[in-house]
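Owing to the predicted nature of the structure, the values given are computational and were not obtained by experimental measurement. Atoms within each ligand, like the ligands themselves, are counted from 1 in listed order.
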Amino acid sequence: MYRKGHLGVSLLVFAPIGFWLVRAGHTELAFLTGGVMCWLAMLPDVDHRIPGVPHRGPTHSLLFAGLVGLVFGAVGTLVGSQVSLGYSFGLGTFGFLLGFVTVVAHLVGDTLTPAGVNYLWPLSSYEYTLSVTPADSTVANYALFGLGVFAVAAATVVAFRIPV
Ligand SMILES: [Zn+2]
């Protein structure tokens, strides 16, 4: 998928997470999660810019999602050990999940395209694909973006009980 499509999928994945965070009283974490997921929606495509790394190879795998999760988890653990924010869960765990889900949302977007994603790299070379749309489809990219924006808007209205 292209940037708009990936942003759309990230927003779709974020909508229920953000809803849950707001309802649990962690509004600031909801904003942080949404911001990070949009900011890093294209992170796995960094492989376009790294010489020698094939596109949709190592950075499009659950292993990479786990590594990004570990980096985020380390940051969360560090922050959590410095300041007590009063959460019922550890910021290390939260950070890991945030990094992991951010990457997986990108992989889900690419799974919609015929080229697919090798989730189990380097253990397997199987490309998982739903083959719903070509990556360069303008209609599909805009449709996903629109769906994502709608999902977040709907989740925001319900989570904050905004009268409509
Ligand atoms: Zn990609």
Side-chain angles (χ1 to χ4, degrees), residues 1-22 28-79 91-156:
M1 296 272 54
Y2 286 8
R3 181 176 294 275
K4 276 206 172 55
H6 276 301
L7 268 176
V9 175
S10 293
L11 290 171
L12 273 172
V13 173
F14 164 67
I17 301 171
F19 174 82
W20 177 79
L21 284 170
V22 169
E28 68 297 321
L29 283 186
F31 279 102
L32 177 76
T33 302
V36 166
M37 287 188 70
C38 288
W39 176 43
L40 295 178
M42 300 301 285
L43 179 64
D45 285 350
V46 72
D47 57 10
H48 282 302
R49 281 175 273 153
I50 308 174
V53 174
H55 182 45
R56 294 201 184 180
T59 62
H60 287 66
S61 65
L62 291 177
L63 179 65
F64 182 70
L67 287 175
V68 173
L70 284 179
V71 172
F72 276 61
V75 173
T77 304
L78 212 67
V79 172
L91 279 184
T93 309
F94 179 81
F96 176 84
L97 291 173
L98 174 57
F100 188 81
V101 168
T102 297
V103 172
V104 167
H106 180 99
L107 303 189
V108 169
D110 282 342
T111 305
L112 300 175
T113 70
V117 169
N118 178 9
Y119 282 85
L120 298 178
W121 182 93
L123 301 175
S124 148
S125 55
Y126 185 79
E127 311 274 351
Y128 293 84
T129 173
L130 296 173
S131 213
V132 178
T133 171
D136 61 357
S137 162
T138 307
V139 173
N141 277 283
Y142 272 92
L144 280 171
F145 184 68
L147 267 175
V149 170
F150 176 78
V152 170
T156 304

Engineer: Under 3.5 Å, side chain of Thr129 to main-chain N/O of Thr113, donor-acceptor pair present?
Structural biologist: yes
Engineer: For the residue pair Asp45 and His60, confirm or rule out a side-chain donor-acceptor distance under 3.5 Å.
Structural biologist: yes
Engineer: Using 30° and 60° as the class limits, which term best fits the ring planes of His6 and His106: parallel, tilted or perpendicular?
Structural biologist: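 Parallel: the ring planes of His6 and His106 meet at under 30°.
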Engineer: So does Arg56 get a backbone contact from the side chain of Asn118, meaning a donor-acceptor N/O pair under 3.5 Å?
Structural biologist: no
Engineer: Is there a side-chain contact between Leu62 and Leu120 (heavy atoms, below 4.5 Å)?
Structural biologist: yes
Engineer: Taking the side chain as C-beta and beyond, is there a heavy-atom pair between Met1 and Leu144 under 4.5 Å?
Structural biologist: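 Answer yes - side chains close enough.
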Engineer: Identify which protein N/O/S atoms are less than 2.8 Å from the Zn ion (ligand 1).
Structural biologist: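 Counting only protein N, O or S atoms under 2.8 Å from the Zn ion (ligand 1), the list reads Asp45 OD1, His60 NE2, His106 NE2, Asp110 OD2.
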